[in-house]
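Just follow the structure's listing: the first ligand is 1, and inside any ligand the first atom is 1. Along the sequence shown, residues carry numbers from 1.
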Amino acid sequence: MATRRVLTGMRTTGALHLGHYVGALKNWKEMQDRGEHECFFLLADVQALTTHAEKPQVLVQSVQEVVMDWLSVGLDPSLPNVHFVLQSQIAHRSELSILLCMVTPHALLMRNPTLKTELDSQSDATVGFMMYPVDQAADIYCVSPTPPEDGDELLVPTGDDQSPILELTREIGRRFNKAYGRVFVPCGSLFGDVGRLVGTDGQAKMSKSLGNTINLSDDVAAVAEAVRRMKTDPTGLNPRLRATDPGVVEGNPIFLYHDTFNSDLEEVDDLKERYLAGRVSDQEVKARLVVAINDFLDPIRDRRAQFADADLREIVAAGTEVASKNSTIVIERVRELMHLQYPR
Ligand code: TRP
C-alpha cells in the first residue's frame, strides 16, 4: 500500500496566536481528523535560531508553549497517525542537511526572495539563515518514504509564503535522485484555502513583533483589552465620531474578526447592517466580538487545562522517535548512494 505522509511545521518562537490558528492549525487539525495521511508536525527549534539566537533560554520554554498550543487546539499525538517532532532531536537530520547542500546550486538558493531581502538588509545575517531553505528540505526528506514506491506521497501544507522553499525542496530532490539514484519522493505542496488574519491594529499580518496579537492562551480579560484597543478605521480615511455616523464594514478589522470567529451569522449580519446605517456603537460591536472570541477560545482553554499535567517530553519524544527511525533509513541509503563509506 502506498505511504501517504504530511510534514509541516512552525518555528518555536513563543506562544501562538489567532493568526496561527486561521493560517495553519485549523487546516492541520482537519487533515489529522480526515486520517488519510500520517501527519508529522515539526517543532522547528533549530530554525528558530535563525532569528532568536540571542535568547537561547527562551527556546525551551517556547517549545513547551507551542506544544501546549497545539494540544489545546485539538492536535492529538495519541492518534496513531499524528506525531509531534522536535527538529533538533531527529537523528541524522543535520547530516542530511549538509549532504543536500552538495546538490543545491548556490545560485538557485540565492533566488529565494525572502533570503535576498534579508541578506541585503541585515549586515549580520548568518550562514545558518542563508541555508535554512536547504535545512528545511532536510526536515521534509527525513520522513520521505524509503525505499520509495509508486503512489507514495509526501505533502507539505503551508502558507504560500513558503512556496519558494518547497520549489527548492522539489528541485533538490530531483537533482539528488538524478545524480545518485531515486531516494526522495517529490514533495507536493498543499496551500489549500489557508486563511489570513489581519492584526488587531489592521496591519496585514498578526505577529508578535508587531504587538498586534491575540494569543490562543489569552484569558478573558486579555481578549477584552485587545479588542477594546482595536482600530475600526486603520487607514484613518473613514473616521466615525459618533454611533450615529454611518460606518464602514469592508476592511474593518472588527468585522473581519466577526466574520472569522462569530458563529452567530445572523448577529453578524444585523451588526453590519446597523453599523452601515449608523445605528450601533463601536462599543457594542466590540463587546459582541469579545463574546465571540471568548466562545471560540473556551474549548481551547478547556483542552489546555486538561493537559496541564501532561508529560510534554514524553509526547514529543514519541513522535520524534518515529521521524528519527525514518531518517536513519533515509541517511543510510543516501550515504550508500553517495559512497560515503569506509574503504574496503
Ligand atoms: N519555515 C517554516 C515557518 O517559518 C517552519 C518550518 C520548518 C517548516 N521546517 C519546515 C514548514 C518544514 C514546513 C516544512 O513557519
Side-chain angles (χ1 to χ4, degrees), residues 5-17 19-28 31-32 37-53 59 62-63 65-67 69-70 75 82-90 92-94 96-97 100 104 109 112-115 117-118 126 128-144 153-173 184-192 194-197 205-209 213 316 319-320 323-324 326-327 330:
R5 288 189 178 149
V6 151
L7 180 133
T8 188
M10 281 180 187
R11 299 194 310 141
T12 51
T13 58
L16 305 181
H17 50 63
H20 290 112
Y21 181 83
V22 171
L25 298 174
K26 181 171 185 281
N27 268 304
W28 296 12
M31 209 155 42
Q32 156 191 296
H37 292 89
E38 185 176 16
C39 301
F40 294 86
F41 297 128
L42 185 76
L43 300 146
D45 59 342
V46 177
Q47 202 180 97
L49 296 175
T50 56
T51 55
H52 285 57
L59 206 69
S62 293
V63 170
E65 283 171 332
V66 173
V67 172
D69 285 332
W70 285 3
L75 297 183
V82 177
H83 316 295
F84 288 4
V85 179
L86 187 58
Q87 188 184 32
S88 63
Q89 305 305 314
I90 307 175
H92 310 301
R93 196 197 65 87
S94 309
L96 183 60
S97 181
L100 293 181
T104 309
L109 178 64
N112 182 302
T114 316
L115 220 56
T117 325
E118 292 289 320
T126 61
F129 177 76
M130 184 187 77
M131 70 171 272
Y132 92 83
V134 188
D135 205 49
Q136 187 159 327
D139 296 338
I140 295 165
Y141 288 135
C142 270
V143 302
S144 188
E153 210 174 54
L154 179 57
L155 295 180
V156 187
T158 63
D160 51 13
D161 60 315
Q162 301 286 305
S163 84
I165 298 187
L166 293 184
E167 204 37 66
L168 181 75
T169 302
R170 269 190 287 276
E171 184 58 26
I172 291 173
F184 301 120
V185 170
C187 74
S189 34
L190 226 187
F191 300 122
V194 178
R196 216 177 253 283
L197 190 69
K205 233 179 130 181
M206 187 175 268
S207 126
K208 188 164 66 172
S209 56
T213 62
V316 174
T320 305
S324 277
N326 199 78
S327 76
V330 170

If you compare T12, D139, T169, V85 by their heavy atoms, the one closest to atom 9 (N) of ligand 1 turns out to be D139

Rounding to 0.5 Å, atoms CD (Q136) and CG (L100) come to a distance of 12.5 Å

Under 4.0 Å from one or more heavy atoms of T158, ligand 1 contributes atoms 13 (C)

Ligand 1 to L7, heavy atom cutoff 4.0 Å, flagged ligand atoms 12 (C), 14 (C)

Within 4.0 Å of some non-hydrogen atom of A44, the atoms of ligand 1 are 7 (C)

Which of parallel (below 30°), tilted (30 to 60°) and perpendicular (above 60°) describes W70 and F41? perpendicular

Taken to the nearest 0.5 Å, the spacing of L25 CG from M10 CE works out to 4.0 Å

Q | Note: D161-R196 ion pair, threshold 4.0 Å (strictly below) | A | no

- Task: Answer yes or no: does an N/O atom from Q47 fall short of 3.5 Å to an N/O atom of ligand 1?
- Result: yes

Practice problem: Output yes when the distance from some N or O of ligand 1 to some N or O of T8 is under 3.5 Å, and no in every other case. | Solution: no

If we number the atoms of ligand 1 from 1 as shown, the ones under 4.0 Å from a heavy atom of V156 are 13 (C), 14 (C)

ask   = Do Q162 and V156 come within less than 4.5 Å of each other through their side chains, counting heavy atoms only?
value = no

Atom 15 (O) of ligand 1 has as its nearest protein heavy atom G9 O, 3.8 Å

When distances are taken from atom 2 (C) of ligand 1, the protein heavy atom at minimum range is Q162 OE1, 3.5 Å

For L109 and M130 the tightest heavy-atom approach is CD2-O, 3.7 Å

Without hydrogens or angle criteria, can the side chains of D135 and S97 be said to hold a donor-acceptor pair below 3.5 Å? yes

Nearest non-hydrogen protein atom to atom 8 (C) of ligand 1, with distance, is Q136 NE2, 3.4 Å

Closest non-hydrogen contact found for P164 with N112 is CB-ND2, 3.8 Å

Going by the 4.0 angstrom heavy-atom rule, the piece of I165 near ligand 1 is neither

Examine Q87 against ligand 1 and note whether any of their N/O atoms are separated by less than 3.5 Å. no

